[in-house]
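Below: the structure, in structure tokens.
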Amino acid sequence: MKFDVQALDRKWQRYWKEHKTYRTATTTGKPKYYVLDMFPYPSGSGLHVGHPLGYIGSDIVARQKRQAGYNVLHPMGFDAFGLPAEQYAIDTGVHPSESTAVNTARYREQMETLGLSFDWDRSVNTSDPDYFKWTQWIIGQVFEHWYDTEQDRARPIAELIDLLEQEGTSGVRAAETEPLDVTAEDFRGMGPKERSDLLMNYRLAFRSVSYVNWCEALGTVLANDEVKDGRSERGNHPVEQRPMLQWSLRITAYAERLLAGLDTVDYSEGLKAQQVNWIGKSTGALVHFDIEGHDRQLDVFTTRPDTIFGTTFMVIAPELELVDELTTPAQRQEIDDYLAYVGRRSEVDRMSENKVTGAFTGAYAINPLNEARVPIYIAEYVLKDYGTGAIMAVPSDDERDKRFAQKFGIDIIEVVDKTDYPGASLKDKLGKLINSGFLDGMEVPEAIEAATQRIETLGRGERQINYRIRDLVFSRQRYWGEPWPIVYDADDVPQLVPTEELPVTLPEMDDFRAVSGASPLERATDWINTPSGRRETDTMPATAGSNWYYLRYMDPHNPGEFVSKEAVDYWRDVDLYVGGAEHAVSHILYSRLIHKFLFDLDKVPTREPYKKLLNQGMIGGPISYVHLGVLLADDGQRHPIWVGSDVAEGTPLDVPGVGKGYLVLDESSGTRLTPIRFVTETSVNNESSFRLYKHAVEEAQQSDQQDAAYFRTILQQAGAFAWTLDKEGRPYLELSVEQGKMSKRKYNAVNPDDICARYGADCFRMYEMFLGPIDQAKPWSVSGIDGVYRFLRRYWNLFVGNDDQLNVSEGEATKEELKVLHTLLKKVGEDIDKLSFNTCISAFMVATNELTKLGCNKRAILEPTVRLIAPFAPHVAEELHAALGGSGSVHHANWPEAVDKYLVEDSFTYPIAFNGKTRLTLDFPAGASREDVEAGARADTQVQGYLDGKSVRKVIVVPGRMVNFVVA
RNA sequence: GCCGCCAUGGCGGAAUUGGUAGACGCGCUGGAUUCAAAAUCCAGUUCCUUCGGGAGUGUGGGUUCGAUUCCCACUGGCGGUACCA
């Protein structure tokens with residue numbers, strides 16, 4: 001038997017496939033363990049070495065649990081709906097289902113190459129009608145429910161209708177878009193359309209006109225988490241706020257439960273913090289201010305009701321309809337000018353400039369506690385979406401209000417004396433109240449309570465909790481997604497498509513382009529018009545399918561239900577969920593929402609979908625950039641050229657084919673950088689240096705079409721390279737470099753297939769685990785993989801002689817050998833539980849080194865290590881298991897447990913420290929008493945040397961640990 | 001700004017409830033083997049040193065017999081978020 005990793009990979013991957021080694025049955029007497037990876041979006045560029053980090057970690061756990069006697073569910077599938085496939089279709093004319101099928105097959109192949117133990121029979125694909133039938137069904141159920149805030153759960157719409165018919169809105173305590181006041185009588189008298197519109201105020205999936213993130217370039221609306229810095233996360237296109245008619249999910253109804261549930265799950269602190277921030281709970285009071293000369297009131301939300309005596313003006317969001325009503329004729333022009341200014345400003349402007357702007361409406365509000373008359377302004381810094389869209393401004397205790405007051409010359413009344421708290425900032429809730437009537441002298445927390453009570457007693461407001469989280473916009477005007485299962489009937493009332501008629505599949509189309517806000521589905525006229533009415537043409541966002549996929553794996557082929565009760569009662573929830581931190585907020589939060597909704601419907605037995613979550617660290621790669629400069633020629637002409645990053649501005653240059661002159665760097669941005677391929681990494685003075693060599697460029701230009709085309713594009717931007725010569729006289733450009741996420745566009749992605757082909761899957765798996773803690777970000781570097789390969793080779797050589805024949809003896813193991821074995825068993829067992837895979841690998845290395853040194857080839861020692869290494873190196877382990885005569889697959893063999901009696905030491909080597917500094921070590925019997933150890937240490941001549949001429953103040957002996965002499 | 005995470009040799013990283021800092025691997029140095037190279041094996045490798053020893057885990061302080069570990073302040077890096085009242 002030769003150590004031929006490629007042959008081993010092929011042999012055993014075929015074996016596992018043929019024998020369905022990783023098939024999982026649902027009914028069994030074993031305890032269950034569910035290990036899940038976040039399923040990928042199958043993009044055209046395939047997996048890079050960053051993806052498998054998590055897959056390998058979860059695979060190790062899955063395999064270990066399987067051996068330890070659990071029934072393990074370890075599935076993989078594809079999040080196949082989404083924008084890129086559709087963009088690709090628009091660019092190339094290839095139907096998204098075709099490109100998706102190709103990419104999916106490639107991903108699966110790559111995963112099989114890595115030796116991952118997925119049960120592919122349970123695979124799901126969100127774009128498969130058999131799958132999205134149930135996505136549509138679940139969202140349909142959301143549509144058919146409302147949220148009862150008293151019972152704190154979702155209830156069927158039919159029950160809401162009963163309530164409304166009997167008591168009207170006064171009998172309803174519900175999560176709602178806006179408070180309504182409708183009597184039972186009015187409700188009973190409503191027509192179908194009117195009723196439907198009313199119910200939309202309560203449905204958990206509802207359609208409403210609201211300000212949404214509109215992305216013109218993508219032709220669709222986007223959710224808040226798909227927008228970064230006023231631009232679309234995908235494609236980096238500008239995004240604007242537009243009022244549009246859209247479907248949303250009422251996630252705000254679940255805000256409190258989503259927050260509370262975080263205490264019951266094992267997620268990292270950072271991830272919990274992100275979710276908490278996203279939900280953004282704040283406790284305060286809703287306060288009603290009268291408006292002078294108007295019947296209506298101005299409601300504001302504040303977390304600092306204690307500072308109400310410091311209110312010197314009010315601010316409302318420019319978008320509110322109230323603005324028009326309040327504006328006095330004298331201020332009309334000023335307000336209109338300001339509104340026009342706000343309308344001109346994009347999201348990006350608003351974020352980047354952060355200017356103090358606003359305008360006075362001419363109206364005044366009356367402070368309910370001291371009857372003070374305060375002016376009402378409008379200003380951009382007050383957001384229409386948060387709270388009531390209006391604030392009471394307290395310039396003494398709010399940074400933004402202060403800046404505004406200073407700019408507009410408004411009074412500032414100090415109401416909180418912070419002199420007892422030096423260093424406290426304006427927003428800290430610390431200090432003693434002054435100039436505040438009955439609150440004077442109170443500390444802030446006490447004053448908040450007192451002010452809130454007074455406001456409530458006077459009937460001028462009430463306690464309120466506000467959440468930053470917004471309802472989730474769940475419409476996309478795109479083709480490649482699940483159609484909303486809704487048909488508008490003759491009265492224009494949205495009707496849910498009955499379960500028997502699901503799935504609503506996409507019509508065949510050739511052109512997927514979205515035209516100014518209209519879904520491409522609008523053009524599929526045959527599809528839209530049904531006997532029962534007109535179909536909804538919005539599709540669902542990509543999160544729709546991934547919200548619940550972990551449930552489908554439990555029962556993937558069930559034609560009658562999204563998951564059977566039997567399956568979900570057995571598998572319950574995900575024990576370990578592994579995936580990238582980039583999904584920390586959106587995906588996790590939304591699937592928790594759907595899970596809680598399904599819990600309310602009694603469809604799942606658990607309150608949380610994921611018990612434990614592990615975010616693997618990102619593997620970055622060096623991105624090399626070539627710098628674009630300008631050659632200012634002697635004749636005054638300016639020629640763009642590529643220059644080295646080490647060439648300073650003003651350097652004289654003589655570039656063949658361009659001319660002589662000086663280097664000028666691009667005025668606008670200093671230097672323009674372009675990521676580049678064909679980079680050579682060299683070492684100069686012990687520092688690594690990234691260079692683009694002229695010979696590499698020339699070779700690329702002469703090689704295949706793609707590479708040549710690449711440099712044609714590069715040379716279109718600047719016609720020449722300003723080469724420098726290295727020590728050997730070869731022309732090159734020095735490149736600047738930064739670590740970044742692996743990406744095809746940055747030319748820093750490394751393909752795992754290449755590594756597997758060279759070193760074998762086992763070596764690749766162990767190397768990725770050996771890089772460091774799985775949750776830490778790290779740069780990819782291939783240096784060091786040889787060390788892991790050498791280790792695997794040495795491990796193999798414990799079993800196999802130089803003649804490539806199995807060479808294992810039946811001799812009895814020595815005490816020393818048993819100790820090596822059981823130390824290893826203990827360490828690896830513990831470290832897998834801690835998800836500390838890197839230290840497992842070193843433990844294997846240590847044990848292999850020791851067994852090699854001991855010349856141990858005994859079956860009694862080696863055989864258990866095969867079962868132990870199986871989760872890490874499944875191919876090599878399978879081969880050795882078979883060679884040793886093991887029956888069946890090693891992956892179904894028992895997990896070897898450490899036995900403590902082999903770990904007991906006869907003696908312990910004590911570190912002997914003086915004043916805490918270790919100076920020497922001494923051996924004492926393992927059972928030696930404190931006194932024996934101290935006496936023994938004092939008797940030692942070396943110790944006496946250290947104690948010579950000093951007085952011993954104290955001796956600390958911790959048996960089995962250390963000895964410390966405190967001397968003076 | 002705010003929230004979270006991180007900081008240890010030339011590099012990736014290890015170190016149990018505070019108890020021998022630098023495991024394991026890379027790289028480097030020397031040696032064996034070889035006609036030679038690759039591969040493999042062996043030894044050494046935190047820094048300074050007058051070879052006695054001394055210093056040392058981002059910086060400064062604290063608690064302790066003893067701190068990489070706990071506490072306080074700061075610096076730097078990564079990720080998230082941002083006019084959230």
Side-chain angles (χ1 to χ4, degrees), chain A residues 225 228-229 268-278 280-282 284 300-304 307 315 350-351 354-356 379-383 385-394 397-401 403-404 425 427 466-470 581-582 584-585 615 617-618 620 683 686-688 739 766-767 770-773 775-788 790-791 793-794 797 830 834 836 838-849 852 909-921 953-958 960-967:
Chain A
D225 58 272
K228 291 257 144 54
D229 299 327
S268 73
E269 284 309 308
L271 194 133
K272 284 187 186 181
Q274 276 185 52
Q275 298 229 340
V276 169
N277 288 345
W278 193 262
K281 177 179 182 175
S282 51
V300 300
F301 173 72
T302 177
T303 56
R304 294 296 302 274
T307 63
V315 188
R350 248 175 111 145
M351 286 183 181
N354 201 5
K355 284 196 283 195
V356 181
E380 244 184 341
Y381 83 89
V382 171
L383 307 176
D385 292 323
Y386 188 76
T388 59
I391 62 160
M392 57 175 226
V394 182
D397 285 272
D398 183 283
E399 202 61 58
R400 296 150 306 171
D401 295 347
R403 278 165 52 203
F404 193 88
S425 73
K427 53 169 55 169
N466 243 292
Y467 299 92
R468 196 185 78 117
I469 192 169
R470 299 272 72 88
E582 63 271 28
V585 174
N615 285 125
M618 191 189 79
S683 184
N686 244 337
E687 302 247 327
S688 64
Q739 286 293 323
M766 292 193 104
Y767 179 61
F770 190 57
L771 283 174
D775 54 353
Q776 229 164 72
K778 47 199 144 277
W780 172 258
S781 152
V782 81
S783 80
I785 195 167
D786 292 302
V788 175
R790 277 197 281 271
F791 150 73
R793 183 86 233 212
R794 279 205 310 280
N797 287 342
E830 285 172 356
K834 288 191 292 187
S836 172
N838 56 328
T839 52
C840 291
I841 313 291
S842 9
F844 279 116
M845 289 174 170
V846 171
T848 301
N849 290 347
T852 304
T909 305
Y910 280 84
I912 311 297
F914 301 89
N915 290 338
K917 268 281 167 198
T918 303
R919 296 302 179 200
L920 59 123
T921 59
R953 290 257 178 96
K954 199 174 176 184
V955 183
I956 289 145
V957 179
V958 183
R961 277 269 187 241
M962 43 61 72
V963 178
N964 188 18
F965 286 93
V966 184
V967 296

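Chain identifiers are assigned alphabetically (A, B, ...) following the order of the sequence lines, protein sequences preceding nucleic acid strands; residue numbering begins at 1 within each chain. Every heavy atom of this structure was used, including side-chain atoms; hydrogens, water molecules and symmetry mates were not.
Put simply, Asn797(A) has no side-chain N or O that comes within less than 4.0 Å of OP1 or OP2 on U40(B). Contact annotation: Arg468(A) does not reach the phosphate of C83(B) (side-chain N/O to OP1 or OP2, under 4.0 Å). Close to A85(B), at under 4.0 Å from its OP1 or OP2, lies a side-chain N or O of Ser282(A). Distances shorter than 4.0 Å separate none of the side-chain N or O atoms of Gln776(A) from OP1 or OP2 on C5(B). An OP1 or OP2 oxygen of A21(B) is reached within less than 4.0 angstrom by a side-chain nitrogen or oxygen of Thr918(A).
When the nucleotides C24(B), C84(B), G56(B) are ranked by their closest atom to the side chain of Arg400(A), C84(B) comes out on top. Of the listed nucleotides (C3(B), C24(B), G13(B)), C24(B) has the atom at the smallest distance from the side chain of Ser842(A). Listed nucleotides C65(B), C83(B), A14(B) differ in distance to Asn964(A); the shortest reach to its side chain belongs to C65(B). Distance from the side chain of Ile956(A) is smallest to G19(B) among G19(B), A15(B), C3(B). Counting only heavy atoms from C-beta on, Pro773(A) has its side chain closest to A14(B) among C65(B), C24(B), A14(B). Closest to the Met962(A) side chain, of the nucleotides U20(B), C26(B), G19(B), is G19(B). Of the candidates G19(B), U20(B), G27(B), G27(B) carries the atom nearest the Arg790(A) side chain, counting heavy atoms from C-beta on. Taking the side chain of Glu269(A) as heavy atoms from C-beta on, and the options G19(B), C5(B), C24(B), the nearest nucleotide is C5(B). When distances are taken from the side chain of Asn838(A) to each of G19(B), G25(B), A14(B), the shortest belongs to A14(B).
The residue Val382(A) sits close to a base: some heavy atom pair falls under 4.0 Å. Thr302(A) comes within 4.0 angstrom of sugar-phosphate atoms only, judged by non-hydrogen atoms across all strands, and of no base. Residue Arg919(A) is in sugar-phosphate contact alone, with no base atom involved, counting any heavy-atom pair closer than 4.0 Å across all strands shown. Among the protein residues, Lys917(A) comes within range of the nucleic acid bases, having at least one heavy atom under 4.0 Å from a base atom. Asp385(A) comes within contact range of no nucleotide atom at all, as no heavy-atom separation falls under 4.0 Å. Using a 4.0 Å heavy-atom criterion, one finds that Thr909(A) contacts the bases of the nucleic acid, with or without backbone contacts as well. When heavy atoms are screened at a 4.0 angstrom cut-off, Ala913(A) is found touching no nucleic acid atom at all.
For U49(B) and A43(B), the P atoms lie 28 Å apart once the distance is rounded to whole Å. Across the P atoms, U20(B) and A15(B) are found 13 Å apart, a figure rounded to whole Å. Spacing between C24(B) and C78(B) at atom C1', rounded to whole Å, works out to 26 Å. Rounded to whole Å, the separation between the P atoms of G52(B) and U33(B) comes to 34 Å. Nucleotides G30(B) and C35(B), compared at atom C1', are 22 Å apart to the nearest Å. Across U29(B) and A38(B), the matching P atoms stand 12 Å from one another, rounded to whole Å. Comparing the P positions of G22(B) and U46(B) gives a spacing of 9 Å, expressed to the nearest Å. Rounded to the nearest Å, the gap between the C1' atom of U8(B) and that of G1(B) is 31 Å.
Within the 3.5 Å criterion, the main-chain N or O of Asn277(A) finds a donor-acceptor partner in the side chain of Arg468(A). Using a distance-only test at 3.5 Å, with no hydrogens or angles considered, a donor-acceptor pair links the side chain of Asn964(A) to the main chain of Gly916(A). Checked by atom type and distance alone, the side chain of Asn915(A) pairs as donor or acceptor with a backbone atom of Val967(A) at under 3.5 Å. A distance-only check finds a donor-acceptor pair linking the side chain of Lys778(A) to the backbone of Pro773(A) [under 3.5 Å].
Toward the 5′ end of RNA chain B lies the nearest nucleotide of Arg793(A), the other residue of the pair Ile391(A) and Arg793(A) mapping further downstream. Heavy-atom nearest nucleotides on RNA chain B were determined for Tyr910(A) and for Ala390(A), and the one closer to the 5' end corresponds to Tyr910(A).
Here the C1' atom of nucleotide C6(B) and the NZ atom of Lys778(A) are 13 Å apart, to the nearest Å. Atom pair Asn915(A):CG and U64(B):P shows a separation of 15 Å (rounding to whole Å applied). Between the CE atom of Met845(A) and the P atom of A14(B) there is a distance of 14 Å, rounded to whole Å. In this structure, Asn277(A) atom CG and C83(B) atom P are separated by 14 Å, rounded to whole Å. One interatomic measurement links the two molecules: CZ of Arg794(A) to C1' of A39(B), which rounds to 14 Å at whole-angstrom precision. The distance between atom CE of Met766(A) and atom P of C26(B), rounded to the nearest whole Å, is 14 Å. Taking atom CH2 on Trp278(A) and atom P on G4(B), their separation rounds to 18 Å, with Å as the unit. One interatomic measurement links the two molecules: CZ of Phe914(A) to C1' of G53(B), which rounds to 15 Å at whole-angstrom precision.
Just one of Thr921(A), Val955(A), Ile956(A), Val958(A) meets the side-chain contact (heavy atoms from CB on, under 4.5 Å) condition when paired with Val963(A); it is Val955(A). Applying the side-chain contact (heavy atoms from CB on, under 4.5 Å) test between Tyr767(A) and each of Ile841(A), Val788(A), Asp786(A), Val782(A) identifies Val788(A) as the sole match.
With a glycosidic angle further than 90° from 0, G76(B) counts as anti. By the rule that a glycosidic angle within 90° of 0 means syn, G62(B) does not qualify and counts as anti.
Closest non-hydrogen pair, Tyr386(A) versus Tyr467(A), comes out as CE1-O, 3.8 Å. Of all non-hydrogen atoms in Ile391(A) and Val300(A), the two that sit nearest each other are C-CG1, 3.5 Å. When all heavy atoms are compared, the tightest approach of Gly389(A) to Val382(A) is O-CG1, 3.4 Å.
Using the six-membered ring where Trp is involved, Phe791(A) and Phe844(A) have ring planes that are tilted, between 30° and 60° apart. Aromatic ring orientation, Phe404(A) versus Tyr381(A): tilted (interplanar angle from 30° to 60°).
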Base-pairing string, 5' to 3', of RNA chain B - Watson-Crick or wobble, under 3.5 Å, | interstrand | (((((((..(((......[....)))((((((.......))))))(((....)))..(((((..]....))))))))))))....
